[in-house]
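Per chain, numbering begins at 1; letters A, B, ... match sequence-line order. Atom set for the values below is all heavy atoms of this structure, side chains included, hydrogens, waters and symmetry mates excluded.
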2 protein chains.
Amino acid sequence: MYTNQEMIIVARMYYEMNLTQKEIAEKLRYSRPTVSRIIDAAFKAGIVDVKINYPLDSVIELEDEIKRKYNLENVFVIPVYIHNSHLIQNDVGKAAANYLYEICDNKSILGVSWGTTLNGVVPYLKPKVLPNMKIVQLNGGAAKSTFSTGSVALLEKFSKTFSSDQYLLPVPSIVDSSLIADAIMTDSSIEYALDLGRRSNIAVYGIGNVSHNSVLYKGGYFKEGAYDELIAKKAVGDICSRYFSVDGQIVDEELNRRTIGLKLEELRKKDFSIAIASGIEKAESVKGALKGGYANTIFIDEELAKKII
Amino acid sequence: MYTNQEMIIVARMYYEMNLTQKEIAEKLRYSRPTVSRIIDAAFKAGIVDVKINYPLDSVIELEDEIKRKYNLENVFVIPVYIHNSHLIQNDVGKAAANYLYEICDNKSILGVSWGTTLNGVVPYLKPKVLPNMKIVQLNGGAAKSTFSTGSVALLEKFSKTFSSDQYLLPVPSIVDSSLIADAIMTDSSIEYALDLGRRSNIAVYGIGNVSHNSVLYKGGYFKEGAYDELIAKKAVGDICSRYFSVDGQIVDEELNRRTIGLKLEELRKKDFSIAIASGIEKAESVKGALKGGYANTIFIDEELAKKII
DNA sequence: GCAAAAAATGAAATTTTGTTCAAGTTTTGA
DNA sequence: TCAAAACTTGAACAAAATTTCATTTTTTGC
């Protein structure tokens, strides 16, 4: 591969001196395609970075309406520039990451769930040195199949960002019976993490929807037919792997009992109970979550906001 | 021109979604050249920004040698990636700007000169809210011809960066006679700024060289022949419009008396007396300045550093 | 309301950049 | 030490981006 020095020099000549690749090639005695490849490598190495400055200021009118309608303390509606789910998810994640930077302090206990929504937050976490802060996983993140949930990497990144200790929940979020769940929860380290989750003053979690694209489904957490049964029971979404209906009530008590992690009603006691969601397909899930009154703070995109009012 | 909205959308499609300009044109019903123009406008509007991450870590061996040789407290030698005077000047300016961010506090009185070297610092000033800090111009910055010195804009940017008050010296740095200089200095606001300059605990200034490209010369500060006379008297550089020889002594006492601004010996008393210079053509100027003992901190580029040891 | 000036537009030409592929070079492992 | 595999290279080609220029549209001043 190319050295950093090479990449820096070529990138600066290209982007700061505005030379063409041909001119750079002649000056530095590379061939023209090589210059093209070096620039490409500089991008991949993170030496070159294109930043687009655009406001993520919330859409205030929508915010106020949602705040009133669902009785929330803080609503952040992120503007949608382009109808593209990845960009939207990233923008919402970025806004949530900035908020966490603001509210976390050295006394905080931060509880986090996992999933694609939370993964959208991770790249934008801004380092803040809070060695006494604690970060705890709110629901089990062990995979049931080879399909990784990514929860370990997620917690890792959070704890690096804040230079703080992490407390993992290395168990599946849903097990086969409530007996197994109870047994697992007697393990002292699991018990400790669960207790820490209950004591956390900040909780951040994604609102999941009930679809065959969901990580929970793809992760092999459901037996043949069990997921469809959930759909039949009118489940519209999940928070921390706990499924609720459009009025925010748990749809399946038996399933709920064999789910390992924070109980939804606990979320109501948090100083910051921060729900994150993006994409219009989550409209019903978000409605359910908000009707349940689990969150006091929410980050959603503009399109989704319009769907839920 | 194009709206911000347009520029943001097109830029994001191009750089974040990696669509080609043709694809964007088709989606948004522009013509292909228009997309190209919008991207160009987004650059000019500062919406798109290409950032190249490269270390500006000092070249430690050179630093130590210069520190010893010239008895300095802090030496920053900025690596040279590409032999290009603009890039080098900017890198040195960036390093100095970062340093100012670190050392300035709410009690600081910051004295600054003006000129191309200082202009290289300005774009990199990082905002820091220090409303009680004071920023004062160290030497007169009024133009003698239509050629602007840019000192007003420079002070403006400094004061915005630190949210602090600025004290201008809206007089020429060199006048026709010492009598005129004395008269000007009796003006109360001028007197106040000069006094504040004397009391400043941080001084930042460029080291100028004696050449017909110098801003001072181009600015019309010298009568026909006067500049060549200065060269004949072995002037090698200036700080705050005061000319010195290679051993750091003032070369023309009469000229010095009709120069308005901080006296060089005052610089020796500062907590931070920060000299900035870049470009090998300034080797003799820097040697003179350092021999004079006016600075305790210096920012120079790697090539210049090699020339002065 | 109108003409002159200024700005925006897109087709076509030109320039620049990215990719393919075959040949050359280096690395790896027995 | 050697051969196979992996990587690197640049010529030739293909794709993409920019610029030119004539035309259309919009703005401005009277």
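The side chain of B:P33 lies closest to C:dA12, out of D:dA17, D:dA12, C:dA12. Across C:dA11, C:dG18, C:dT9, the shortest atom-to-atom separation from the side chain of A:Q21 is found for C:dG18. Which of C:dG10, D:dT9, D:dA16 sits closest to the side chain of B:T20 comes down to D:dA16. Of the candidates C:dT19, D:dT18, D:dT9, D:dT9 carries the atom nearest the A:Y2 side chain, counting heavy atoms from C-beta on. Listed candidates were D:dT19, D:dG10, C:dT17. Nearest to the side chain of B:R37 is D:dT19. Side chain of A:T34, nearest nucleotide from C:dG10, D:dG10, C:dT17: D:dG10. When the nucleotides D:dT18, C:dT9, C:dG10 are ranked by their closest atom to the side chain of B:S36, D:dT18 comes out on top.
The phosphate of D:dA16 has neither OP1 nor OP2 within less than 4.0 Å of any side-chain N or O from B:Y14.
A 4.5 Å side-chain heavy-atom check between B:V122 and B:F158 finds at least one atom pair inside the cut-off. Taking the side chain as every heavy atom from C-beta outward, B:N4 and B:I47 approach each other to under 4.5 Å.
As judged by a 4.0 angstrom heavy-atom cut-off over every strand, B:Y30 is placed among residues making no nucleic acid contact.
Geometrically, A:K94 engages A:Y54 in a cation-pi contact defined by less than 6.0 Å to the ring centre and at most 45° from the axis.
Atom P of nucleotide C:dT17 and atom CD1 of A:I38 are separated by 14 Å, given to the nearest angstrom. For the pair A:N18 CG and D:dT19 P, the computed distance is 11 Å after rounding to whole Å. If you take NZ of A:K22 and P of C:dT14, they are 15 Å apart, rounded to a whole angstrom. A straight line from CG of B:L19 to C1' of D:dA17 spans 15 Å, rounded to a whole angstrom. Taking atom CZ of residue A:R29 and atom P of nucleotide D:dT9, one finds them 16 Å apart after rounding to whole Å. Straight-line distance from the CD atom of A:E26 to the P atom of C:dT15: 14 Å, rounded to whole Å. Straight-line distance from the CD1 atom of B:I39 to the P atom of C:dT17: 14 Å, rounded to whole Å. Rounded to whole Å, atom P of C:dT16 lies 16 Å from atom CE of A:M13.
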Run the numbers on A:F76 and A:F299 for ring pair (Phe, Tyr, Trp, His ring centres under 6.0 Å), then give the verdict. CA-CA 5 Å; A:F76 297 90; A:F299 286 84; 4.4 Å; yes
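No donor-acceptor contact under 3.5 Å links the side chain of B:R32 to the base of D:dA16.
The minimum heavy-atom distance linking B:L304 with B:I280 is given by the pair N-CG2, 4.1 Å.
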